[in-house]
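First the structure, in the form of structure tokens, and then the observations on it.
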Protein chains: 2
Amino acid sequence: MESQDLRNAGLKVTAPRLKMLELFEKAQDRHLTAEAIYRHLLDAGEEIGLATVYRALTQFEAAGLVTRHHFEGGHAVFELERGPHHDHIVCVHCGRVEEFYDESIEKRQRAIAEKLGFNLRDHTLTLYGECNKPGCKGEKNAR
Amino acid sequence: MESQDLRNAGLKVTAPRLKMLELFEKAQDRHLTAEAIYRHLLDAGEEIGLATVYRALTQFEAAGLVTRHHFEGGHAVFELERGPHHDHIVCVHCGRVEEFYDESIEKRQRAIAEKLGFNLRDHTLTLYGECNKPGCKGEKNAR
DNA sequence: ATGTATGCAAAACATTTGCACCTGG
DNA sequence: CCAGGTGCAAATGTTTTGCATACAT
């Protein structure tokens, strides 16, 4: 139950927060912008403010419920923190996001950080490429 | 000579552009924000506008002279495109940036993209950690 | 009740753009 | 000379904040 996630994070269980978590659960695309969340909820007839979305996302992130990504494009993208760590590959044409995990890369990262005298805390690895999905080829999201 | 870089890029050789390139060359920190470049040049007595800095950076990037990074923090960071590709490790306390290159990681990335049906175009890998430099330990750049 | 959350509007940033004036080739 | 470049100010887009009201516990 999402209410429990919120309580565990020391946050009050409110309608906007629950709606946001539900949206993350059922959305086809696991990677959402604040604006997208706001619109989806408005369209679904919910009464919510954009500021609330941002505030909740920041709190969710602090609580580890959600991860904030800075892909290209000037806006942050949020993703529900379900399951184990993974990195991303983003289609430069249609914006589609796939996830992957590669233990050998993770291992090398740890070795590199150690060699350079850093105590590794986190990392971001994002690949950018052209996906081969039908209907993609640079139609949507034309930069 | 930097003038030649500009001419090769089809850009006119102007004072602001030369000053910016010079700054990149001599700056101790190879990774600069637009704002930082603007301030440095102003402090050095140059007459320059922030808009010009942004315009030039965008052109430099298009010409491959410079790379734009999106580290954490809401602002872009620019780096002179000298030498071969590399990735970054950033100190979460003092913001210090180190560069590294790891062929086995590069190799794995290519394999992953191929497996997922993407034509790899680019990637970003940034590690975040605590560096062991004297005088760091979270004094400056406290978030 | 009471400390948190919320919505709205205004503010704060980073970045871009319109425009009249300059300038390199 | 004149297309391209520049500075300034205003516009943009995203995210944050102030404040009075509403709600969870």
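Because the structure is predicted, anything quoted here is derived from the model rather than measured. We name chains A, B, ... by the order of the sequence lines, and we start the count at 1 in each one.
A salt bridge is defined here as a Lys NZ or Arg NE, NH1 or NH2 lying under 4.0 Å from an Asp or Glu carboxylate O, and R30(A) with E99(A) meets this definition. A salt bridge links R96(B) to E98(B): at least one charged side-chain nitrogen sits closer than 4.0 Å to a carboxylate oxygen.
We find that CG of N8(B) is positioned 13 Å from P of dG25(C), with the value rounded to whole Å. Atom NE2 of H70(A) is separated from atom P of dT14(D) by 14 Å (rounded to the nearest Å). Across the protein-nucleic acid pair, E61(A) atom CD and dT16(D) atom C1' stand 14 Å apart, rounded to whole Å. Distance CD (Q59(B)) to C1' (dA3(D)): 14 Å, rounded to an integer number of Å. Taking atom NZ of K19(B) as the reference point, atom P of dT6(D) lies 14 Å away to the nearest angstrom. Between the CD atom of E72(B) and the P atom of dA14(C) there is a distance of 16 Å, rounded to whole Å. Atom CG in L57(A) sits about 15 Å away from atom C1' in dA5(C), given to the nearest Å. Spacing between atom CG of L6(B) and atom C1' of dG25(C) amounts to 14 Å, rounded to whole angstrom units.
Between H88(A) and H123(B), a ring centre-to-centre spacing not shorter than 6.0 Å is recorded. Taking the centre of each ring, F71(B) and H70(A) stay at or above the 6.0 Å mark. Between H75(B) and H69(B), the ring centre distance reaches or exceeds 6.0 Å.
Checked against dG25(C), dT16(C), dT15(D), the side chain of H75(A) finds its nearest nucleotide in dT15(D). Looking at the side chain of Y54(A), the nearest of the listed nucleotides dT6(C), dT25(D), dT16(D) is dT16(D). The T14(A) side chain lies nearest to dA24(D) when the options are dG5(D), dA24(D), dT15(C).
In terms of phosphate contacts, T52(A) brings a side-chain nitrogen or oxygen within less than 4.0 Å of OP1 or OP2 of dG7(C). Residue R17(A) places at least one side-chain N or O closer than 4.0 Å to OP1 or OP2 of dT6(C). Taking side-chain N and O atoms only, R7(A) has a distance below 4.0 Å to OP1 or OP2 of dT25(D).
In terms of heavy-atom proximity, E130(A) sits nearest to N119(B) at OE1-ND2, 2.6 Å.
Judged by closest nucleotide on DNA chain D, V53(B) is the one of V53(B) and K12(A) placed further toward the 5' end. Along DNA chain C, the nucleotide nearest to A51(B) and the one nearest to L11(B) differ in position, and the one closer to the 5' end is contacted by A51(B).
Using a 4.0 Å heavy-atom distance criterion, R68(A) is classed as making no nucleic acid contact. Within the nucleic acid shown, A76(B) comes within 4.0 Å of sugar-phosphate atoms alone, with no base atom in reach, counting heavy atoms only.
Side chain R55(B) to base dG7(D): a donor-acceptor pair is found below 3.5 Å.
N132(A) CG to H93(A) NE2: the interatomic distance, rounded to the nearest 0.5 Å, is 11.5 Å.
Following chains of ILVMFWY side-chain contacts shorter than 4.5 Å, one cannot reach Y128(B) starting from I105(A), and the two form parts of different hydrophobic clusters.
Annotation: proximity of residues 23-50 of chain A to DNA chain C (heavy atom, distance under 4.0 Å) is found for E47(A), I48(A), G49(A), numbered in ascending order.
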